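The structure under discussion appears below in the form of structure tokens.
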Amino acid sequence: MNIESNLKELKDKTSNYPHTLVAVSKTKPNALIEAAFAAGQLDFGENKVQELVGKSETLPKAIKWHMIGHLQRNKVKYIAPFVHMVHSVDSIRLLQEINKQAAKHDRKINCLLQVHIAQETTKFGFDFSEINAFLDTNYVEDYPNVQISGLMGMATNTSDTNQIEKEFKSLRSLFDAHKNLSTLSMGMSSDYPLALACGSNMIRVGSAIFGARNYTQS
Ligand SMILES: *Cc1c(COP(=O)(O)O)cnc(C)c1O
């Protein structure tokens, strides 16, 4: 696994689209993250609180950590001191807790509202009407310690690219309807070229950088 050449290949393939690459390092050992960091990668994504906290304690402080997995309210306190962005805000109660814990550390935590765009019922997130209703409120004043930066979505796990494209485009149109938002997080190893073509400006890529995960460990 040559992390440096994987990153370079990814960079070459995506250079036409302004975006941030979040390297998804879940289940991967620190040595691989250090290799990516040495190659210039600064943003890393994890989906489990315990693993995220452990890695943040031992790896370079310059790393920007992204929480991309479902987050339980009672665990927000562990990541509030350092997390750079939470992609997976899927309820107002979670947002309230992030705001509360961020305040304790005198921080403003970047948050993305996760939107349910996939056909699977198992994927978390708000539906479109809930997003529109929330963004019509005075959320900037109501949540002074969070920065609602944008939206995140995961497409259906399918080989039907028309379906994936439809889902990405629908999220893009929701994003476009709200001018205060700046970040649209969509696209993973299997679908990031399509996501970027559909207007994503943040992609979350794991296996294309670090190799396939061993799911018995994750
Ligand atoms: C694991 C994960 C990714 C990355 O998946 P790959 O297929 O390895 O690129 C992206 N987003 C979320 C929310 C994930 O949990």
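Numbering of ligands and ligand atoms starts at 1, following listing order. Note that the structure is predicted; figures quoted are calculated from it, not measured.
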Report task. Answer yes or no for His87: is there a heavy-atom contact with ligand 1 below 4.0 Å? Result ->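 Outside the 4.0 Å threshold, so no.
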Query - Pairs flagged by side-chain hydrogen bond (donor to acceptor under 3.5 Å, both in side chains) wherever residues 137-157 is involved - sequence neighbours left out - result: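 Listed by first then second residue: Thr156-Glu167.
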Query - Nitrogen or oxygen atoms of Ile68 and ligand 1 under 3.5 Å apart - result: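 No, there is no polar N/O contact under 3.5 Å.
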Report task. Before signing off on this row, confirm whether Ser207 and ligand 1 have an N or O atom pair separated by under 3.5 Å. Result ->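 Indeed, backbone or side chain, Ser207 has an N or O that close.
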Query raised in the report: Can Lys169 and Glu165 be counted as an ion pair, charged N to O under 4.0 angstrom?
Result: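 Looking at Glu165 together with Lys169, the answer is yes, because their closest N to O distance falls below 4.0 Å.
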Contacting atoms of ligand 1, where contact means under 4.0 angstrom from a heavy atom of [X]:
{"X": "Val205", "result": "9 (O)"}
{"X": "Gly206", "result": "4 (C), 6 (P), 8 (O), 9 (O)"}
{"X": "Met154", "result": "13 (C)"}

Query raised in the report: Does Lys75 NZ have over 12 foreign heavy atoms under 6.0 Å away?
Result: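 Atom NZ in Lys75 is not crowded, with 12 or fewer foreign heavy atoms closer than 6.0 Å.
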Query raised in the report: With a cut-off of 6.0 Å (strictly less than), are more than 12 heavy atoms of other residues, nucleotides or ligands near NZ of Lys108?
Result: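 Atom NZ in Lys108 is crowded, with more than 12 foreign heavy atoms closer than 6.0 Å.
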Query raised in the report: Which ILVMFWY residues can you reach from Ile68 by hopping between side chains whose heavy atoms are under 4.5 Å apart?
Result: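 The other cluster members (ILVMFWY side chains, heavy atoms under 4.5 Å, direct or chained) are Val24.
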Query - Among Arg204, Met152, Lys26, Met188, closest by any non-hydrogen atom to atom 2 (C) of ligand 1 - result: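 Heavy atom nearest to atom 2 (C) of ligand 1 belongs to Lys26.
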Query raised in the report: Using a distance-only test with no angle check, is there a side-chain donor-acceptor pair under 3.5 angstrom linking His87 and Ser185?
Result: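 Yes, because at least one side-chain N or O of His87 sits under 3.5 Å from a partner of the opposite role on Ser185.
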